[in-house]
Structure formats: structure tokens, C-alpha cells
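Source: prediction; values computed, not measured.
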Amino acid sequence: MKNTTSATAFSPQEKRSLTGIASIYATRMLGLFMLLPVLTLFAPNYAGATPILVGICLGVYGISQAIFQIPFGMLSDLFGRKLMISLGLLLFLLGSIIAAVSTSIWGLIIGRLLQGAGAVASVLMALLADQTSDAVRTKAMAFIGMSIGGSFFLAFLVGPIIADYFSLAGLFWITAALVMVSFLILWFVVPSLPTTKSFTGHFSRLSEVVKNKMVMKLTVGVFFLHTLITLLFVALPTLIVNHFNWSVSQLAWFYLPILSLSFCIAVPMMLYLERRGKINLLFGLAQMGLFLGMLMLSIFAKSTTGLILATFLFFVGFHLLEAMLPSLLSKQVTADSRGAAM
């Protein structure tokens, strides 16, 4: 009798690659997430701080990410994934150190700008796609999401505590140390596979990526998915704090069970339906979860049950699409243009 699970099981090399790349994501994101609940609380104490400059300090990371994400992905197709990831981590390390030693708001802004310039998320996704087969890639993307979620939980638990004792400088120094750990994982845990890099025809391949309608549809889908999650976290923390009369440091106790349960439901559902080729049904369920979650938040946010159920439905949809969209995207292009596409 044919073993139906072997095709979707990770090989030893895939397990090693996934473990290493997920660990890099987790350590890198942990440093960033620890800053989220406290940055706007401590930044006004820096010399020269104004409300506008504090807002810039918070948002400049995303701006530099947007500017450098695509160039890093494109260059990784030419010069290799590990080299570009190392360069990105170096920029992230430099930004963390500058922010840690700064006493003015402008120093914080420059540090955050450099942190964002180390935009290696697309390269890490391309590296994961390079080192996993099509059959297990969606599952691998889901585990990446789980590692980021774990970082989120831990960061919201310990970030405010560390900031209370060591202020923002302490958080930035810890972030710098985590970047060094990421360097070690990249070069000593993640396997180095042979790659073929060539300038010949590179720009024609980029043109094919841009003209690929499915790639563009998936890219737009990712854009709107991340727009929704950003909007959610603009409103949701305030809703939770006001409803339960909690402090910021208690938010993780709301997120932890909901994100864990939604992930445990979304991933088996995704793997089951994907194996049976029911991709359209999967997309429909994911979109329904996002829609119902947002709709219920707008209507039942003052109800404890409504707040919990709405957040749960939203994250079931989010987990499904967060794993499916990059996985499908990686299958639309060849390996020599995967970095640019991601």
C-alpha cells in the first residue's frame, strides 16, 4: 500500500533548512516585536522629541523596508541568498547599535532607518523556497508563521519588563545580540546548496516576473493582507485595553490563546484541503474568516465574546493566507528569479 504521507514529509535536509530559517526569523522578529508596545512610551523622553518625530521613528522602519525589500530580493538572485541575508543582518545590527547608544530622537530615527534597510524577509522566503520541495512548501511557510507568532508572544511578555529595567537602550542592545545569533544560525545551521547565478538574461527574467499576471495577483493579495493586519493592530490593542481595563504588558494574555488556537485549526485545515486540490475552497474560507472577523469587530467589539470570536476568525483567515500566498508565489517563477518575485 502506498504511503500517502511520505510526499508531504520533510527530508532531513529540509528539516535542517526550515529549523535554521525559522530560527533566523524568530530571533530577528523578537527584537523588533519587543519594541512595539514600548517605543512610543519611551521615545518622547529623548532629546529633541516631538509627536511628529516620534511617529517618524515608529514608521521609518517600514518605509526603509519598502524601499530595500525588492532590491535585496533581486540581488539575491545574482549574488546568492546567504550573502544578501548577511548584508541585511549587518545593516540591522548597525542600526540597533546606533539606536542603543543614541540620546536624541534623531539617533533613534537613524537607527530605525538602518534596521529597516536590512530588508531580508523576501530573501529568507526565497531561500526557504529554494531548499524545500513544492509538496512541503506551504507547510514550511506555515512553520515560519508559527516562529514569528512565537516571537510575538514572547516579545509582548518580556519587552515591557526589559524596558522598565533597562529602557529602550537595553532593548536595542538585546536586539543587536539576537542579530549576532542569527549570523551564526545562517552560516552554521542552514545548509549551503549549490546555486547557479548569472547576469545573462537577468533583466529579461525580471520583466517576465512583472508581466506574470498570477504573480501580480498574489502580490496584491499579500499587500492587502498585510494592510489588514496593520489596521487590526492599530485598533485592536486599544479595544482590548479599554474593554478589560488592562495594561499594555497584559495584551499577550489575550493574543496567546487566540493565536495559538487559530493556528492549530488553520494549519491542519490548510494541509488537508491542499492535498486534495481544493485551493479555491481554501481561499474562500480564508477570505470569509478575514471578512467576518473585521465585520464582527465593527459590530460586537464591546462584547467579550464578540471581541474574542472576531479576533479568532480573523486570525484563522490570516494564518491560511500568510502561508498560502508566498507558497503559491514561489511556484510561479523559476529559482533564478525567485528572490525578485518574493
Open item on the list: Could you check whether any side-chain N or O of Thr138 sits under 3.5 Å from a backbone N or O of Met324, counting only pairs where one atom can act as donor and the other as acceptor?
Closed with: no
Open item on the list: Within a 6.0 Å radius of atom NZ on Lys278, are there more than 12 heavy atoms belonging to other residues, nucleotides or ligands?
Closed with: no
Open item on the list: Closer than 3.5 angstrom, by distance alone: can the side chain of Thr311 be matched with the main-chain N or O of Leu307 as a donor-acceptor pair?
Closed with: yes
- [ ] Measure from NZ or CZ of Arg276 to the centre of the six-membered ring of Tyr272 and say whether it is under 6.0 Å with the direction within 45° of the ring axis.
- [x] yes
Task: Derivation and outcome, salt bridge (Lys or Arg N to Asp or Glu O under 4.0 Å), residues Arg338 and Asp77 - done: CA-CA 7 Å; Arg338 188 171 283 152; Asp77 291 330; over 6 Å; no
- [ ] List the atom of Arg137, the atom of Ser330, and the distance in Å for their closest heavy-atom pair.
- [x] CD-OG, 3.0 Å
TODO: Look only at the side chain of Gln65 and the backbone of Gly116, and say whether a donor-acceptor pair between them is shorter than 3.5 Å.
DONE: yes
Open item on the list: Once rounded to the nearest 0.5 Å, what's the spacing between atom CE of Met84 and atom CZ of Phe68?
Closed with: 10.5 Å
- [ ] Ignoring hydrogens and angles, tell me if any N or O in the side chain of Gln332 forms a donor-acceptor pair with the backbone of Asn212 under 3.5 Å.
- [x] no
Open item on the list: Main chain of Thr19, side chain of Ser23: is a donor-acceptor contact present, judged purely on distance under 3.5 Å?
Closed with: yes
Task: Donor-acceptor contact present, side-chain Ser76 to main-chain Gly73, <3.5 Å - done: yes
TODO: For the pair Lys82 (side chain) and Leu186 (backbone), establish whether a donor and an acceptor sit closer than 3.5 Å, ignoring hydrogens and angles.
DONE: yes
Task: Closest non-hydrogen atom pair between Arg28 and Val120, with its separation - done: NE-CG2, 3.8 Å
Open item on the list: Are there over 12 heavy-atom neighbours, none belonging to Ile70, within less than 6.0 Å of that residue's CD1?
Closed with: no
Open item on the list: Less than 3.5 Å apart, any donor N or O on the side chain of Thr132 or Glu14 sitting next to an acceptor on the other?
Closed with: no
TODO: Check the hydrophobic clustering (I, L, V, M, F, W, Y; side-chain heavy atoms under 4.5 Å; chains of links allowed) and say if Phe183 and Phe188 are grouped together.
DONE: yes
Open item on the list: Please give me the minimum heavy-atom distance between Ser122 and Gln69, naming the atom from each residue.
Closed with: N-OE1, 3.0 Å
Open item on the list: For Leu91, is there any backbone N or O sitting under 3.5 Å from a side-chain donor or acceptor partner on Gln115?
Closed with: no
- [ ] Using modelled atom types only, decide if a donor and an acceptor are shared between the side chain of Tyr25 and the backbone of Ala121 within a distance under 3.5 Å.
- [x] yes
- [ ] Using the six-membered ring wherever Trp is involved, compare the ring planes of Phe314 and Phe318 and label them parallel, tilted or perpendicular (cut-offs 30° and 60°).
- [x] parallel
Open item on the list: Distance check, rounded to the nearest 0.5 Å: Met214 atom CE versus Leu218 atom CG?
Closed with: 6.0 Å
TODO: Locate the shortest heavy-atom distance separating Leu58 from Arg112; write the atom from each residue and the value.
DONE: O-NH2, 3.0 Å
- [ ] Anything under 30° is parallel, anything over 60° is perpendicular, the rest tilted; go ahead and classify Tyr61 against Phe92.
- [x] perpendicular
- [ ] Kindly assign one of parallel, tilted or perpendicular to the pair Phe143 and Phe10, based on the angle between their ring planes and the thresholds 30° and 60°.
- [x] perpendicular
